[in-house]
K.L.:
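The structure follows.
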Amino acid sequence: MIKNSYARPILATIFSQHLQHNLQIARQAAPHAKVMAVIKADAYGHGLLNVAHALRDADAYALLNIEDALELRAAGFTQAIILLEGVFNLAELQLCQAVKLSPVFHQPQQLEWLDALTDPQPLSVLLKLNSGMNRLGFSAEGFQSAIARLEHSAHVAEITLMTHFACADEISQGISQALAYFTQHTAHLPHPKSLANSAALLRYPESHADWVRAGIMLYGSSPFAEIPATELGLLPSMQLNSAIISIQNLQAGDCVGYAASFCASHAMRVGIVACGYADGYPRHAPTGTPVMVDGIETRLLGRVSMDMLCVDLSHLPEARLGSTVELWGTSLPIDRVAKAAGTISYELMCALAPRVPVQVI
Ligand SMILES: *Cc1c(COP(=O)(O)O)cnc(C)c1O
């Protein structure tokens with residue numbers, strides 16, 4: 001399923017089987033929990049429906065935009081769909097009733113919309129406790145009165161209690177305080193509970209509860225800076241390929257690209273690759289960022305431009321016009337590229353540009 005047929009050699013490949021494999025890893029790691037597949041941000045840049053189809057065995061989906069939820073319903077998905085930021089107005093809450101979406105309630109105004117509903121159709125909802133991230137969620141006090149309102153609302157059928165950890169991926173900080181806080185304020189309540197993102201799912205079994213919320217691990221990337229994805233048994237779900245479209249022979253002192261930020265100290269061959277920041281490749285990736293050419297690792301040189309980047313071919317005498325380039329994927333872990341570029345794999349995946357053709361295999 002190739003989205004368009006441009007001849008420009010850039011192509012993203014989505015590996016359905018790797019997504020499925022990673023879901024199995026999540027299930028093995030949290031055998032007693034149900035798995036919410038987090039597919040916000042167009043499924044971390046992979047394409048909402050591409051991932052929803054590959055992960056049709058997920059127990060639920062979690063995302064942000066109600067439009068995306070409606071697209072899943074229109075495509076025939078019947079699982080629970082969680083709106084992680086809840087609804088943004090009353091009309092959206094009415095839509096949740098109509099197509100059975102499960103909004104998160106994280107602030108009091110959302111409860112007022114609940115009281116304004118007239119349709120008797122009951123909702124399945126989540127209530128979020130702020131356990132120290134201080135982004136979304138009720139304070140402990142507000143949480144107790146919110147739970148009472150939800151329990152007494154004629155519009156609410158099922159309530160799941162949730163929180164989100166600020167530091168599940170940071171071994172020095174961890175989740176113990178946040179977990180203790182959540183337990184303190186929810187242990188007496190009979191409702192199902194959901195706490196763990198990928199990092200907590202993999203590292204803290206005590207946080208699994210009834211529902212885990214797997215995001216980045218499904219896409220084959222490690223949630224931990226210090227542990228490579230392969231060590232976690234994960235397989236990459238996205239590969240970005242292009243090709244060499246020009247070769248330059250630099251003499252000592254010649255420079256390449258904008259601002260002449262890389263200059264050759266000796267004669268060298270440079271490959272120009274049809275991939276730039278307008279394709280989603282990070283512009284701030286510095287000289288030295290790993291790139292594969294014909295299956296051999298080499299390095300980025302100079303500044304990434306809008307449509308192109310340059311790679312070192314000095315030790316790749318076989319490389320020629322049309323040589324295959326892997327920017328990240330099965331041979332080159334996206335986490336390595338992200339690290340070199342001073343970011344995280346999440347950002348690289350989400351930034352994959354709409355102009356890049358996508359094939360799902
Ligand atoms: C994005 C998100 C997740 C998934 O996080 P990963 O680190 O990608 O596993 C889980 N829960 C909430 C509330 C989120 O916003």
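Counting starts at 1 for both ligands and their atoms, in listed order. Position 1 is the first residue of the sequence; numbering continues from there.
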K.L.:
Do any nitrogen or oxygen atoms of A199 come within less than 3.5 Å of a nitrogen or oxygen of ligand 1?
P.N.:
no

K.L.:
Distance to 0.1 Å, residue and atom name: give those for the protein heavy atom nearest to atom 9 (O) of ligand 1.
P.N.:
S198 OG, 2.5 Å

K.L.:
Among all protein heavy atoms, pick the one closest to atom 8 (O) of ligand 1 and tell me residue, atom and distance.
P.N.:
Y44 OH, 2.5 Å

K.L.:
Give a yes/no verdict on whether any heavy atom in Y346 is under 4.0 Å from an atom of ligand 1.
P.N.:
yes

K.L.:
Counting both backbone and side chain atoms, is some N or O of R135 under 3.5 Å from an N or O of ligand 1?
P.N.:
no

K.L.:
Note the single closest protein heavy atom to atom 12 (C) of ligand 1, along with its residue, its atom name and the distance in Å.
P.N.:
H164 CE1, 3.4 Å

K.L.:
Does a salt bridge link R149 with D115, judged by any charged N lying under 4.0 Å from a carboxylate O?
P.N.:
yes

K.L.:
Charged N to carboxylate O under 4.0 angstrom, R73 versus D68?
P.N.:
no

K.L.:
Just going by heavy-atom distances, which of K40, K128, R213 is nearest to atom 14 (C) of ligand 1?
P.N.:
K40

K.L.:
S237 and side chain to side chain donor-acceptor pair (under 3.5 Å): which single residue from H18, Q17, H46 fits?
P.N.:
H46

K.L.:
Give me the atom names and distance for the closest heavy-atom approach of M268 to S314.
P.N.:
CE-OG, 3.6 Å

K.L.:
Is the shortest distance from a Lys or Arg side-chain nitrogen in E85 or R135 to a carboxylate oxygen in the other one below 4.0 Å?
P.N.:
no

K.L.:
Kindly confirm or rule out a cation-pi arrangement of R203 over F224, judged by NZ or CZ under 6.0 Å from the six-membered ring centre and within 45° of its axis?
P.N.:
yes

K.L.:
Please state which part of M217 comes within less than 4.0 Å of ligand 1, counting heavy atoms only: side chain, backbone, both or neither.
P.N.:
neither

